[in-house]
Protein chains: 2
Amino acid sequence: MKIICSKSNLLKSVSISLKAVPSKTTMPILECILIDATTNQIKFTTNDMELGIETIVEGTIEEKGMVALNAKIFYEIIRRLPDNDVTIKTDEKFAATITCEKAKFNIPGKSGEDFAYLPMIERDEPLTISQYTLKNMIYQTIFSIAVNDNNKLMTGELFEIKNNCLKIVSLDGHRIAIRKMPLKKDYSDRKVVVPGKTLNEISKILSGEMDDVVSIFFTNNHILFEFDQTMVVSRLIEGEYFRIDQMLSSDYETKLSINKKEFLDCIDRATLLVREGDKKPIIIHITDGSMELKIDSAMGSMNEDIDIEKEGKDILIGFNPKFLIDALKVIDDETIDIYLVNPKAPCFIRDEEETYTYLILPVNINQNQAR
Amino acid sequence: MKIICSKSNLLKSVSISLKAVPSKTTMPILECILIDATTNQIKFTTNDMELGIETIVEGTIEEKGMVALNAKIFYEIIRRLPDNDVTIKTDEKFAATITCEKAKFNIPGKSGEDFAYLPMIERDEPLTISQYTLKNMIYQTIFSIAVNDNNKLMTGELFEIKNNCLKIVSLDGHRIAIRKMPLKKDYSDRKVVVPGKTLNEISKILSGEMDDVVSIFFTNNHILFEFDQTMVVSRLIEGEYFRIDQMLSSDYETKLSINKKEFLDCIDRATLLVREGDKKPIIIHITDGSMELKIDSAMGSMNEDIDIEKEGKDILIGFNPKFLIDALKVIDDETIDIYLVNPKAPCFIRDEEETYTYLILPVNINQNQAR
């Protein structure tokens with residue numbers, strides 16, 4: 001095999017491919033990037049058996065062939081080459097020579113025979129949305145998936161298409177994050193759970209441009225994202241996702257509007273008094289026109305008032321500050337609405353159109369001591 | 001005590017003070033910052049017993065007094081306050097209340113009685129240089145102090161004033177870094193060894209501006225840096241520094257001039273084939289007009305030619321690539337001169353005026369295999 005590509009094209013494609021290279025594996029072939037120049041296109045493939053990426057690289061094929069190279073070493077070499085044309089050439093033993101200007105690298109390669117190819121996905125009825133939207137919807141929900149995999153379903157996100165609306169949901173047992181977006185076309189109803197890892201990696205590859213689109217295809221076991229010159233295939237998580245509708249209620253006893261930045265800064269100040277791992281709640285006292293935040297810890301205490309607009313009852317409620325911070329950080333609105341029922345019921349942060357909904361369970365506090 | 005300072009002034013002073021707060025200590029008082037408002041100046045002092053910092057904070061004293069507060073918590077609080085005036089008030093039990101706009105923190109404090117004051121330093125005959133120069137001279141030498149303290153003297157840098165020239169030297173047994181600067185005034189001869197930690201911290205505080213100056217005072221046991229509103233006192237390392245003059249020779253068999261960036265990039269490329277901790281040398285073959293770099297490792301091999309200008313003999317020599325990289329990174333010159341004697345003798349990278357000299361010991365290589 002002999003191919004010539006520009007350093008910048010190579011670097012872009014190898015960076016994308018790296019996202020599906022496992023950091024630890026017992027199968028050395030999975031640490032490789034498959035360079036396939038057997039047709040008239042140069043294709044890079046990587047696969048960690050859950051997530052697979054195929055991307056097309058612009059370049060010239062001078063001699064057809066195929067080779068599997070250690071992805072990390074290949075990436076490190078490309079990254080450090082001068083900004084010029086790079087020649088990759090292999091011999092009959094799959095030893096690769098990478099040349100750029102006067103620099104010449106020799107690294108061993110593999111035949112690629114053992115490489116685990118990506119599953120074939122039937123492409124019918126794609127869901128097409130802007131890369132910006134998908135990236136944003138993932139960013140605004142992914143933080144509330146579960147970190148440990150005691151419950152596999154909690155480590156993924158629900159992608160649901162229903163009534164021409166795309167809904168993405170994540171939850172970890174203490175909170176729920178929901179993002180909704182109306183779709184411009186008619187789509188069949190769909191409900192799949194996509195691994196969090198896949199979504200994390202794909203949001204790093206997506207361009208984030210409003211004008212770039214991504215097509216999403218679903219099968220029973222896989223989801224396929226197709227965009228630019230790249231194709232990302234992921235297994236789905238099996239099982240029935242949690243029924244969250246019964247947890248969402250639009251009833252409330254207290255509604256308040258608050259400046260998001262002021263609220264976030266204030267919680268941020270309060271949490272410096274909480275050592276990591278310590279489960280100190282932040283106590284929020286809502287009265288007419290004002291919200292008082294309080295925290296008490298071994299390091300000291302802090303309290304602050306924030307101006308709010310309030311409807312309904314006064315309330316004294318405690319929260320894990322991290323859960324509030326996580327949600328507030330991803331909301332773009334300047335002013336947010338918070339809905340509360342009582343000190344033991346979840347609070348809801350949501351906009352009027354419910355494009356986003358963040359449900360957070362409160363922490364039990366002693367109502368008398370906290371006052 | 002009651003003082004009022006702007007958040008930005010406080011933040012600047014606390015950040016400086018933090019540099020002399022030990023990360024681990026058995027003496028809790030050392031984790032504190034001493035706020036002294038007993039006179040008509042607000043002074044912050046920190047001291048880890050080796051390094052001490054005193055800095056003056058602009059602000060208003062409404063009630064004289066003194067308190068010692070946990071430096072890290074105090075810093076975290078100040079950092080997160082709104083950008084406005086901050087009031088710090090203590091009661092008779094040294095509990096401090098920090099207020100800014102509507103935010104109010106309460107943290108415990110100490111009397112400051114047990115605080116270890118900075119040693120009194122007699123200020124005679126200061127060495128005055130620009131902060132930029134000092135910062136730069138430290139940056140260009142500090143990387144070659146020893147990391148472990150088997151030999152205490154190797155963990156510091158020699159500051160020598162002789163013949164109206166300031167010379168800073170560091171060495172770790174494998175290499176030597178020397179920076180020289182002519183002084184504008186007459187100074188008495190001096191020779192002290194300053195702890196590397198002190199120099200690291202001070203170079204973070206120095207402004208790096210050509211027009212800002214720093215005055216340096218020496219005593220038998222201490223060095224004092226005075227600049228802006230800040231005073232840094234450090235113990236010196238005791239003992240006789242190494243005699244390096246006998247290691248420096250101006251004889252050479254081979255002299256070459258090379259583009260610094262090309263050389264550095266090339267070594268950088270080569271080292272990606274070396275796993276950390278692996279002691280693979282980079283092999284350099286110098287012939288007329290060209291230098292060939294080679295490296296061979298379990299991961300693969302690399303070679304590259306670089307154009308050079310050469311005087312004298314051909315030579316084949318091996319180096320620890322890290323030592324070359326460290327020196328090349330801090331040199332500002334576009335083209336550098338390297339002087340070599342034989343494959344077992346140190347190489348010298350130096351400019352004509354010897355404002356910098358980097359001596360690097362070679363690694364033994366098998367002259368036949370390497371060819």
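A, B, ... follow the sequence lines: proteins, then strands. Residue 1 opens every chain.
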B/Met299 versus A/Pro108, closest heavy-atom pair with distance:
O-CD, 3.4 Å

Straight-line distance of B/Lys102 NZ to A/Glu262 CD, nearest 0.5 Å
7.5 Å

Using a 6.0 Å cut-off, check whether atom NZ of B/Lys204 has over 12 heavy atoms from anything other than its own residue.
yes

Just checking heavy atoms, which of residues 68-91 of chain B are less than 4.5 Å from chain A?
B/Ile73, B/Glu76, B/Ile77, B/Arg80, B/Leu81, B/Pro82

Nearest-0.5 Å distance that lies between atom NZ in A/Lys104 and atom NZ in B/Lys294:
11.0 Å

When every non-hydrogen atom of A/Phe105 is compared with those of B/Arg269, the smallest separation belongs to CZ-O, 3.5 Å

Could you check which of A/Thr97, A/Asp305, A/Asn303, A/Leu293 has the highest count of heavy-atom pairs closer than 4.5 Å to chain B?
A/Asn303

Heavy atoms of other groups near A/Glu309 CD, more than 12 under 6.0 Å:
no

At a heavy-atom distance under 4.5 Å, which candidate from B/Ile107, B/Ile98, B/Asn106 has the highest pair count against chain A?
B/Asn106

Quick check on B/Lys12: does its NZ atom have over 12 non-hydrogen neighbours (other residues, nucleotides or ligands) under 6.0 Å away?
no

So which residue, A/Ala103, A/Cys266, A/Gly300, ends up with the most heavy-atom pairs under 4.5 Å with chain B?
A/Ala103

